[in-house]
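Comments concern the structure below.
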Amino acid sequence: MKTVAMDFSEPFHQALPYDDFLDRYASPQQRQRWDTFHDSITLTPEQQLLLQGFTRRQRVLCLAGTWCGDCVEQCPIFDHFQANNPLLDIRYQDRDHDPQLQQALEICGGARVPVVVFLSEEDLFVGRYGDRTLTKYRQMQAATTGPACPTGLGTGAELTIAVVQEWLDEFERIQLLLRTSPRLRKKHGD
């Protein structure tokens, strides 16, 4: 059976910028949690410089929930990324707002969040990532079943620093894919 890929263009353009998403979907208590975590994020000068060096427009659709603890601890990171480069256009959609999108982005048979879809400047699918980073999964696994390997896992601020870097690595991977695309290089003459 052939799988047909979903066109993410319409869901992307219907999704909301960060603050508008929170204004629409977050309760005051949820908004406080998001704001508190947002204020705790600091990108290093090297991370800021890397983001500022992105040269291709990169659209990102993030399926999220304002009630979701994993979203609270990851989506504000994306807002910091966007603040460092206007070529990053990141939009957010509530998981329960669009059942078709929710189903298309299921992970392991479940409606998980956050899940991001990376699109080109023409809204073509480039990749997807979520719902947690490897460091977070290692931390969860160690907490529930004991350490699988000696990873030196941190908690709190150490975990956040690692998660920021892992998300940045994924954003950079997509940027490099767009930057080295023969079709886009021809289009932009570079």
Side-chain angles (χ1 to χ4, degrees), residues 1-21 41 43 46-65 68 70-71 73-137 162-190:
M1 178 167 78
K2 184 177 179 181
T3 303
V4 178
M6 180 174 180
D7 177 5
F8 292 102
S9 176
E10 186 175 334
F12 173 81
H13 290 284
Q14 290 178 353
L16 301 169
Y18 183 83
D19 283 320
D20 293 344
F21 169 74
I41 301 296
L43 301 180
E46 295 81 12
Q47 290 169 330
Q48 292 174 28
L49 190 60
L50 175 68
L51 285 161
Q52 291 162 6
F54 286 9
T55 60
R56 290 278 191 262
R57 180 161 302 283
Q58 189 170 319
R59 293 182 172 153
V60 181
L61 172 62
C62 180
L63 188 65
C68 169
D70 288 316
C71 295
E73 295 176 354
Q74 294 178 82
C75 297
I77 296 167
F78 312 151
D79 191 50
H80 281 273
F81 291 172
Q82 185 170 352
N84 277 274
N85 192 317
L87 295 175
L88 292 175
D89 187 359
I90 305 172
R91 311 257 182 108
Y92 302 82
Q93 185 56 270
D94 181 73
R95 186 195 74 179
D96 299 326
H97 176 80
D98 184 341
Q100 183 180 4
L101 179 63
Q102 178 189 100
Q103 185 176 20
L105 296 178
E106 285 183 348
I107 295 176
C108 199
R112 308 293 291 269
V113 287
V115 178
V116 298
V117 175
F118 296 95
L119 304 172
S120 70
E121 60 196 50
E122 303 100 344
D123 296 331
L124 298 174
F125 178 84
V126 180
R128 76 183 227 180
Y129 191 73
D131 64 325
R132 297 176 180 114
T133 66
L134 180 58
T135 298
K136 179 64 176 177
Y137 271 114
V163 169
V164 168
Q165 187 59 54
E166 285 183 80
W167 273 109
L168 182 56
D169 290 345
E170 189 61 20
F171 273 70
E172 180 186 17
R173 186 183 76 80
I174 296 297
Q175 181 63 204
L176 292 172
L177 192 155
L178 294 169
R179 183 65 181 89
T180 61
S181 162
R183 183 183 62 77
L184 291 174
R185 291 190 72 204
K186 182 177 180 182
K187 176 182 176 178
H188 292 286
D190 59 8

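Since the structure is predicted, the reported quantities are computational estimates derived from the model, not experimental observations.
- The two residues Arg95 and Leu63 have their closest heavy-atom pair at CA-CD1, 3.5 Å.
- Taking the six-membered ring where the residue is Trp, the centroids of Phe171 and Phe78 are separated by under 6.0 Å.
- Considering CG of Asp131 and CG of Asp70, their distance stands at 6.5 Å, rounded to 0.5 Å.
- With hydrogens and angles ignored, the 3.5 Å screen pairs a side-chain donor or acceptor of Asn85 with a backbone N or O of Phe54.
- Across all non-hydrogen atoms, the minimal contact from Ala15 to Leu61 is CB-CD1, 3.6 Å.
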What's the verdict on side chain to side chain contact (heavy atoms under 4.5 Å, CB included) for Leu88 and Leu51, showing C-alpha distance, side-chain angles and the deciding distance?
-> CA-CA 9 Å; Leu88 292 175; Leu51 285 161; 4.0 Å; yes
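- Counting heavy atoms from C-beta on, the side chains of His13 and Ser9 come closer than 4.5 Å.
- Here the shortest heavy-atom pairing between Arg185 and Asp190 reads NH2-O, 2.6 Å.
- Of the inter-residue distances, the one linking Cys62 atom SG with Gln93 atom CD reads 10.5 Å to the nearest 0.5 angstrom.
- Within the 3.5 Å criterion, the main-chain N or O of Leu178 finds a donor-acceptor partner in the side chain of Arg56.
- Shortest non-hydrogen contact noted between Gln74 and Val163 is CG-CG1, 4.2 Å.
- Contact annotation: the side chain of Tyr129 never approaches that of Asp169 to less than 4.5 Å [non-hydrogen atoms, C-beta and beyond].
- In this structure a side-chain-to-backbone donor-acceptor pair under 3.5 Å is present from Gln48 to Leu43.
- Atom CG of Leu87 and atom CD of Gln82 lie 10.5 Å apart (nearest 0.5 Å).
- Taking both residues in full, the closest heavy atoms of Pro11 and Met6 are given as CG-CE, 3.7 Å, listed atom of the first, atom of the second, then distance.
- Proximity of Glu170 to Ile174: side-chain heavy atoms (C-beta onward) are separated by under 4.5 Å at one or more points.
- Counted within 6.0 Å of CD on Glu106, heavy atoms from surrounding residues, nucleotides or ligands total more than 12; the atom is thus considered enclosed.
- Checked by atom type and distance alone, the side chain of Glu166 pairs as donor or acceptor with a backbone atom of Thr135 at under 3.5 Å.
- For Arg128 (side chain) and Val116 (main-chain N/O), no donor-acceptor pair under 3.5 Å exists by modelled atom type.
- For the pair Leu124 and Arg183, the minimum side-chain heavy-atom distance is below 4.5 Å.
- For Asn84 (side chain) and His80 (main-chain N/O), a donor-acceptor pair under 3.5 Å exists by modelled atom type.
- For the pair Glu121 and His188, the minimum side-chain heavy-atom distance is below 4.5 Å.
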Report the C-alpha distance between Arg59 and Asp123 in whole Å, list the side-chain angles of each, state the deciding distance to 0.1 Å, and finish with yes or no for salt bridge (charged side-chain N to carboxylate O under 4.0 Å, His left out).
-> CA-CA 7 Å; Arg59 293 182 172 153; Asp123 296 331; 2.6 Å; yes
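- Between Phe81 and Val164 the shortest side-chain heavy-atom distance falls below 4.5 Å.
- Taking all atoms of both residues into account, the shortest heavy-atom contact from Ala64 to Phe21 is CB-CZ, 4.0 Å.
- In this structure, Leu176 and Arg173 have side chains that are not in contact, with every pair of non-hydrogen atoms separated by 4.5 Å or more.
- Annotation: side chain of Arg132 is not in contact with side chain of Ile107 (no heavy-atom distance under 4.5 Å).
- The existence of a salt bridge linking Asp89 and Arg57 is excluded, since no basic side-chain nitrogen approaches an acidic carboxylate oxygen closer than 4.0 Å.
- The line from CZ of Arg179 to CD of Gln58 is 13.0 Å long, rounded to the nearest 0.5 Å.
- Using cut-offs of 30° and 60° for the angle between ring planes, the Tyr92 and Tyr18 rings count as perpendicular.
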